[in-house]
Visitor: 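Okay, handing you the structure first.
Chain A is the first sequence line, chain B the second, and so forth, proteins listed ahead of strands; every chain is numbered from 1.
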Number of protein chains: 2
Amino acid sequence: MTKELPTTGDQRRSQLLRGVLDLCLLSLIAERPRYGFEFAEALAAGGLELVSDGSIYPLLARMERAGLISSYRAPSPSGGAPRKYYRLTGAGHAALGRGRADWQAFAGPVGRILTTTTPSTGENTA
Amino acid sequence: MTKELPTTGDQRRSQLLRGVLDLCLLSLIAERPRYGFEFAEALAAGGLELVSDGSIYPLLARMERAGLISSYRAPSPSGGAPRKYYRLTGAGHAALGRGRADWQAFAGPVGRILTTTTPSTGENTA
DNA sequence: CGGACTACCTTGCGCCACAAGACAATGGGC
DNA sequence: GCCCATTGTCTTGTGGCGCAAGGTAGTCCG
């Protein structure tokens with residue numbers, strides 16, 4: 001009725017993605033030029049099943065506007081609408097490097113905090 | 001003018017915190033009862049310098065309302081206003097366990113994606 | 001021509017970290 | 001007794017962003 005806390009991890013993942021989804025796209029683009037539809041696939045292949053295109057396209061647009069990536073169109077080999085490929089700019093490379101450092105500076109401490117307390121031997125009740 | 005992209009990692013960390021800050025608090029509480037002011041300290045000690053109380057108190061209130069934690073008041077030994085200590089409930093323990101799993105299921109793939117591409121000399125295990 | 005498929009983009013919504021500041025309780029200085 | 005510094009809690013307004021759902025456009029096939 002009023003309000004339910006998330007019972008599944010789905011809601012959590014949405015929040016977790018926040019600050020790191022752009023880096024994932026950047027990193028994926030760094031490998032080779034990519035187009036929009038590809039990202040959801042690549043992320044799922046990497047272990048992150050999710051991320052509707054409604055999250056990805058606006059983000060790509062923002063990053064392009066910010067000068068981190070640039071785009072060019074190419075016809076789809078499988079028929080259909082032409083694809084819009086994205087490529088990293090110099091600024092994008094720099095941002096990716098910074099972002100990776102940020103992520104590690106964040107994930108390390110978090111992991112440590114989360115495993116600090118009696119995680120094992122399930123011996124607690126309190 | 002219109003809009004600037006974040007130049008520092010500070011903005012990013014704010015976003016990264018979403019989805020994991022509650023788990024950190026839960027984990028910290030699991031160690032022993034804690035009060036509000038303590039959390040920012042403990043997080044900073046753990047490597048996460050930040051997190052103003054404006055983020056923490058509302059989150060604690062939300063979690064208490066959700067039945068994950070319970071509180072009791074105790075006078076401050078150092079003079080001043082009484083402290084409000086929080087303790088884990090059974091549901092809180094369960095949520096913490098689930099959350100830890102969620103975090104690992106997320107951080108793993110993300111780390112892998114971010115290190116997939118030629119980070120520098122690019123000679124690692126893939 | 002019409003349907004199906006590929007691909008891109010937009011709108012409205014809700015969540016939540018944050019900055020800034022108000023409020024409450026205690027103890028010490030005078 | 002009164003005032004204020006200290007300790008600590010809580011509230012309000014703001015903004016960014018992931019998401020669901022829906023809409024548009026280009027290409028191919030029957």
Visitor: Output the rounded distance in Å from CD1 (B:I56) to C1' (D:dT11).
Guide: 16 Å

Visitor: From B:L60 CG over to B:I69 CD1, what is the distance, rounded to the nearest 0.5 angstrom?
Guide: 5.0 Å

Visitor: When you look at A:W103 and B:L16, which way does the side chain to side chain contact (heavy atoms under 4.5 Å, CB included) test go after all the steps?
Guide: CA-CA 8 Å; A:W103 166 253; B:L16 285 170; 4.0 Å; yes

Visitor: Looking at every non-hydrogen atom in both residues, tell me the closest pair between A:P33 and A:E38 and how far apart they are.
Guide: O-OE1, 4.3 Å

Visitor: Taking 4.0 Å as the cut-off, does a side-chain nitrogen or oxygen of B:Y35 come that near to OP1 or OP2 on D:dG8?
Guide: yes

Visitor: Phosphate oxygens OP1/OP2 of C:dC8: is one of them under 4.0 Å from a side-chain N or O of A:S76?
Guide: no

Visitor: Without decimals, in angstroms, what is the distance between A:E41 CD and C:dC8 P?
Guide: 11 Å

Visitor: Starting at atom CG of A:L60, determine the distance to atom P of D:dC19, rounded to an integer number of angstrom.
Guide: 13 Å

Visitor: How many whole angstroms separate atom CZ of B:R73 from atom P of D:dT7?
Guide: 18 Å

Visitor: Write down the atom of A:R100, the atom of A:S27, and the distance for their closest heavy-atom approach.
Guide: NH2-OG, 3.3 Å

Visitor: Quick one: bend of the helix from C:dC1-D:dG30 to C:dC30-D:dG1 from 5 pairs per end, to 10°?
Guide: 20°

Visitor: Considering all heavy atoms of both residues, which atom of A:L88 and which atom of A:A30 are nearest to each other, and what is their separation?
Guide: CD1-CB, 3.6 Å

Visitor: Which pairs, with at least one residue in residues 20-29 of chain B and sequence neighbours excluded, count as a salt bridge (Lys or Arg N to Asp or Glu O under 4.0 Å)?
Guide: A:R12-B:D22

Visitor: Nearest of C:dC8, D:dC10, D:dA25 to any side-chain atom of A:A81?
Guide: D:dA25

Visitor: What nucleotide among D:dT9, D:dG26, C:dC9 has an atom nearest to a side-chain atom of B:R83?
Guide: D:dT9

Visitor: Looking at every heavy atom in both B:D53 and B:P58, which two are closest together, and how far apart are they?
Guide: O-CD, 3.9 Å

Visitor: Restricting both atoms to N or O, compile the protein contacts to nucleotides 17-22 of chain C shorter than 3.5 Å, with distance only.
Guide:
{"from": "C:dC18", "atom 1": "OP2", "to": "B:S55", "atom 2": "OG", "distance (Å)": "2.5"}

Visitor: So B:Y86, base contact, sugar-phosphate only, or nothing? Heavy-atom distance under 4.0 Å.
Guide: sugar-phosphate

Visitor: Return the value, rounded to whole Å, for the distance between atom CZ of B:F37 and atom P of D:dT6.
Guide: 13 Å

Visitor: Take the protein atom CD of A:Q11 and the nucleotide atom C1' of D:dA20, then report the distance between them rounded to whole Å.
Guide: 13 Å

Visitor: Report the residue (B:P75 or A:P82) whose heavy-atom-nearest nucleotide on DNA chain C is the more 5′ of the two.
Guide: A:P82

Visitor: One pair to check against side-chain hydrogen bond (donor to acceptor under 3.5 Å, both in side chains): A:R87 and A:Y85. What are the steps and the verdict?
Guide: CA-CA 7 Å; A:R87 214 182 334 210; A:Y85 283 88; over 6 Å; no

Visitor: When the distance from CG of B:L25 to P of C:dC16 is rounded to whole Å, what number comes out?
Guide: 13 Å

Visitor: Taking OH from A:Y57 and P from D:dA20, how many angstroms apart are they, rounded to a whole number?
Guide: 15 Å

Visitor: Measure the CG-CG distance between B:L43 and B:L21 for me, rounded to the nearest 0.5 Å.
Guide: 6.5 Å

